Amino acid sequence: MDLSLTEEHQAIRALAADFVDRDVIPHATAWDRAESVDRGIVKRLGDLGFLGMTIPEEYGGSAGDHLSYCLVMEELGRGDTAVRGIVSVSLGLVTKPLLAYGTEEQKRAWIPKLVAGDALGCFGLTEPGNGSDAGHLKTKAVRDGDDWILSGTKIFITNGTWADLALIFARTGAKNLPEDAPENETQAQNNGPRGITAFLVPTTSPGFQAREIKGKLGLRGQATAELVLDDVRVPAANVLGDVGQGFKIAMSTLDKGRMSVAAGCVGLMQACLDASVGYAKQRDQFGKPIAHYQLVQEMLADISVDLDAGRMLVWRVADLIERGQPYATAASTAKLFCSEAAVRAANNAIQVFGGYGYIDEYPVGKYLRDARVLTLYEGTSQIQKLLIGRALTGVNAF
Ligand code: CAA
């Protein structure tokens with residue numbers, strides 16, 4: 001289903017579709033079995049301009065609007081959720097906040113490399129003890145002369161072992177607290193969202209270690225890592241934004257990130273539909289293709305309706321961003337619906353394939369394993385519901 005797309009939108013979508021059909025889909029099963037995507041794909045993504053979408057040309061970016069970005073994320077998501085994740089995280093969660101909050105020097109130092117695929121970024125927010133409650137993270141940063149010294153552990157970090165630059169959120173304590181504030185108020189501010197600062201940490205820094213997490217249910221080709229920061233020293237010039245502004249940087253970054261995850265879910269649903277329709281038309285049972293049976297058509301229709309609805313929700317977010325309107329709640333809505341719908345679609349696809357859906361000679365089992373993470377990362381479905389509920393009522397229920 002399409003609304004009217006401009007020629008430019010159609011061209012970028014065709015470029016991404018061609019890349020996915022030729023360079024991603026034929027390898028996706030092998031990468032899944034090997035638990036690693038071919039790392040050479042990062043440079044290819046850079047060469048195609050996909051790591052620089054919406055980033056101005058003066059920093060080497062390929063510019064374009066947010067709908068173009070969503071169309072590319074959808075195509076990459078159709079091919080392999082792990083490949084889409086490389087771009088969503090490096091571009092969406094590192095390059096974009098660098099552009100929005102970085103000094104000119106920080107932008108010039110990193111953005112051209114990141115958009116070219118000569119460097120990769122990862123987003124270090126989640127910790128072993130703080131997932132949904134990101135505002136109470138424990139990684140510490142202590143000022144030492146002109147430097148900061150960071151120590152702590154981050155977990156489930158996409159691109160973690162491949163990244164050259166880690167955007168690390170660490171506790172520095174809040175800034176500009178009134179001197180006469182009561183002790184308990186000062187403590188709460190220092191230990192809560194206002195006490196967090198964002199740091200640009202080169203992963204070659206002494207004391208920085210990334211350990212790959214193996215044995216994931218899905219998303220096996222993704223380089224997902226635990227990061228350990230053992231007294232990592234960075235200059236004060238590596239603070240992104242202001243001291244104490246880190247949580248807002250993280251949250252505003254995730255608002256756009258959730259759109260990108262949702263677009264990837266739409267692509268995954270499209271892959272489920274394409275595979276299921278194709279299989280239903282060629283698989284004979286009781287003397288005719290199973291596409292002739294109403295209960296099979298019901299499953300195909302269910303995937304198709306979710307797909308169309310999800311795509312519209314994603315495009316709405318892109319449109320709101322382009323028009324400078326608030327989009328955070330629309331992004332949560334799209335992320336919630338599309339990730340849950342992607343799990344439903346993959347589950348239905350397996351049902352259409354029957355026993356063949358359960359072995360990895362066919363792609364749909366991988367779709368279900370990959371889809372499952374989409375309701376977890378960049379904010380669980382429960383967090384999206386609470387954000388939508390808060391927007392509706394004005395009441396904070398977490
Ligand atoms: N944009 C800008 N500022 C925001 C904001 C946003 N979207 N959301 C909140 N803020 C500001 C608030 O205005 C508030 O500012 P003041 O202090 O000036 O009043 C401050 O931040 C604190 O906000 P909250 O009171 O809402 O903070 P909270 O602690 O109650 O936040 C939460 C709760 C919304 C649930 C938040 O913790 C959250 O979104 N959790 C989910 C975390 C998440 O999505 N993690 C994903 C990890 S990243 C990942 O998965 C990447 C990967 O590798 C794939």
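Counting begins at 1 with the first residue of the sequence. Since this is a predicted model, take the numbers as computed values, not measurements. Remember, it's 1-based here, ligands and their atoms both numbered in the order they're listed.
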Enquirer: Side-chain contact, heavy-atom cut-off 4.5 Å: T197 with L240?
Expert: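 No, too far: nothing below the 4.5 Å cut-off.
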Enquirer: May I ask you to decide whether K154 forms a salt bridge with E127, counting only side-chain N to carboxylate O separations under 4.0 Å?
Expert: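 Yes, this pair counts.
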Enquirer: Sort and list the pairs that fulfil salt bridge (Lys or Arg N to Asp or Glu O under 4.0 Å) and have at least one residue in residues 44-66, not counting sequence neighbours.
Expert: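 As it turns out, the salt bridge (Lys or Arg N to Asp or Glu O under 4.0 Å) pairs with a partner in residues 44-66, which skip direct neighbours, are D23-R44, K43-D47, E58-R108.
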Enquirer: Show me, by chain and number, every protein residue that has a heavy-atom distance under 4.0 Å to ligand 1.
Expert: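 Protein residues near ligand 1 are L93, F123, T126, G131, S132, A134, F156, T158, P193, R194, F247, K248, M251, S252, L254, D255, R258, Y377, E378, G379, I383, L387, R390, F398.
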Enquirer: Between F123 and F169, is the ring centre distance below 6.0 Å?
Expert: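 Here the rings of F169 and F123 have centres that are less than 6.0 Å from each other.
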Enquirer: Please report the interatomic distance CG(L254) to CD1(I383), rounded to the nearest 0.5 Å.
Expert: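 L254 CG to I383 CD1: 11.0 Å, rounded to 0.5 Å.
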Enquirer: Using the salt bridge (Lys or Arg N to Asp or Glu O under 4.0 Å) rule, take E212 and K214 through it: C-alpha gap first, then chi angles, then the decisive distance, then the call.
Expert: CA-CA 6 Å; E212 186 138 344; K214 293 285 188 188; 3.5 Å; yes
